[in-house]
Enquirer: 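Have a look at the structure that comes next, please.
Small disclaimer: the values here were computed from a predicted structure and weren't measured. In what follows, every heavy atom counts, from backbone to side chain, and hydrogens, waters and symmetry copies are set aside. Order of listing sets the numbers, starting from 1, for every ligand and every atom in it.
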Amino acid sequence: MSTAPAVSTPVLKDTGDAIASLLLGHGLINDRQLKHARRVRGKLAQPKTLLNTMMELEFFSSQQLNSALQGCTQMIRLGDLLVELGDITSMELDIAIRMQGEPAHKGKKVGEILIEQRYIKEPRLIDVLANHLGFLHIEPDFTAIDKVVLTSVTPGQCEQHGFIPVRRQGDAIIVACTDPNNQETLKAAEDLLNHKVILAISSQFALRTALHKFKVSSNSRVIPPTTNDDTAVTRLVDEVLQAAITMKASDIHFEPFSDKLRVRFRYDSMLWLFKDVGNDLAPSLIARLKILSKANIAERRRHQDGKIEYSDPSSGQVIDIRCSFYISVHGEKACLRLLNRRTELLNIEEIGMAPAVLERFKYEALEVPTGVVMITGPTGSGKTTTLYSCVDYLNNDETSIITAEEPVEYVIDGITQCSLNPKIDMTFAETLRHMVRQDPDVIVLGEIRDKESAEAAIQAALTGHKVLTTFHTEDTIGGLLRLMNMNIETFLISSTVVSVLAQRLLRRVCQYCAQPYRPSPLQMQRAGIRGEDLRHANFTQGVGCETCKYTGYHGRISVFELLVLDEKVKEAILSHRASYDIRRISIESSGLITLLEDGLEKASRGMTTIAEVLRTLPRTDKPRSLLEIRRLSRSTDV
Ligand SMILES: [Zn+2]
């Protein structure tokens, strides 16, 4: 059989072509039926994929389809199949394939990107691979793995290729990975194991957990689970903490029961069982946690708090862990919150900006050596998180960054941070005077509150510094107007402000209970959605489930409006034009995508709902069509 098509293969004109020729080859359809299906499809009012059309015409059963697919997994690209099954749109597949070519996603599989972009949920992807393509579905459990199959590989090799051998089956070895359709993974596994390999599909979490346990077990001898001595407990605590850190868990629960102590991790807002520990270990384990967190070890009748500064041996990073001890009927329960500085600090690529907007923000705002970049929005709009991810982006060995915040919220390595304290007369102006003497490249001012702090920011920019700050206004144009209303000279504004970024947080549709829906005519009218936009949209809403506590929402997404001040916008400010004019000029000349437009685009991809867009976003102008917004949001250098 030929090797699977690589990423570079051009996108087929129709994702259904490969499947159609497969079905022809298997005699499930004939040429006449295929032509008929294409004709029918061409006449449909609601667009449908070729595969779905043929299935609706009942040319073959879904069992027949599956058995045809299962023999030929290498001929069908997973992405095409997902489009044909109606799980993703061809546009989403197109975006995922293009993203694969970007440095930020290098080495990622299309499936991974589709999950990251929330185009598809992991359980559904596993379902397609297992049920349609016939791959074995295994959630590897390290303790159950036949250790003989691990002898010829190291944890490092497994991590590099993203798989773990699980057991022997006949003359082959079953290997779990997240993309069993990948020929490179198959070849690497076969070479390393020197055996025939059957790839099985596993969830990312189960694979990561198993890989971590493999790593730990090969570093330290396996801990005898029932020895009640101190070193065993110390090692167990270390193992749990390190596992939680590598898995990027946010919390660790140590829960006592009558017969065991259960250790669970919260990961991606869900609790996952890490392991059960014998009951006899529980008191010494909790005692060890109390020692580490400097809580009172003798106190066993009251709830307590503590804090651990854990230095992770693998990365050398110091991680703050907040501990809470709670007295339960079966003994003390410990709950640890990992304040991992690196995960709480979002990478600029992860804040949720559309590709084209992110590019402009990086190259035309952040990387411009001087001038003011303002991040604006009401309280709770996520602007502080964005401010810190900007700082993180600019933070490197060649740049000196100094901050004045009220107060410092995240501690970042490599920069100088200061909390303003008005009580001891440590004011903005006073601090700024000292800041500029520290020879900084970038000055971060927590928030512009009044004329004094606004003037301070502009002054710093005029003396050749890059200034990052936040502001409390509705949108980008509102930010400029506020400065003008503070009686700051328009020539100072137009010559120092480089960019204004407005943002909001919207509730994300719960992934566990999302269902497609069609917005009501009233909603469409209020949001400015046209009938034709519906063809390009996959609106979803949560119907309510346990995970989202029956709200239909789980997690949040950010929506942005980026204004980069070009000559025309500057001219409009200088000549004191009305806000309506400045807004129109920004949209027409500087490529501004409004908050409403970004929100609608994200809603059309099922990330949030129209109701949420209407509830939170200002509706000043009628949005452009969905296709136009997508064109503007799309990255230009692909
Ligand atoms: Zn739900």
Enquirer: Check the surroundings of atom CZ in Arg556: do more than 12 heavy atoms from other residues, nucleotides or ligands lie under 6.0 Å from it?
Expert: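 No, the 6.0 Å shell around CZ holds no more than 12 heavy atoms from other groups.
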Enquirer: Ignoring hydrogens and geometry beyond distance, is a side-chain donor-acceptor pair present between Glu601 and Ser633 at under 3.5 Å?
Expert: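 Side chains of Glu601 and Ser633: no pair found under 3.5 Å.
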Enquirer: Quick check with a 6.0 Å cut-off and a 45 degree axis cone: is Lys275 positioned over the face of Phe142's six-membered ring?
Expert: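 No, Lys275 does not lie over the aromatic ring of Phe142.
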Enquirer: Just checking, any donor-acceptor pair under 3.5 angstrom between side chains of Thr89 and Tyr119?
Expert: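 There is no such pair (donor and acceptor under 3.5 Å, judged by atom type) between the side chains of Thr89 and Tyr119.
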Enquirer: Excluding waters, how many protein N/O/S atoms sit closer than 2.8 Å to the Zn ion (ligand 1)?
Expert: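 Count of protein N, O, S atoms less than 2.8 Å from the Zn ion (ligand 1): 4.
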Enquirer: Tell me whether the rings of His330 and Phe257 are parallel (<30°), tilted (30 to 60°) or perpendicular (>60°).
Expert: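 Plane angle between 30° and 60°, so tilted.
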Enquirer: Taking atom types as modelled, find out whether Glu561 and Thr476 have a side-chain donor-acceptor pair closer than 3.5 angstrom.
Expert: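 Checked: Glu561/Thr476 side chains pair up, N/O donor to acceptor below 3.5 Å.
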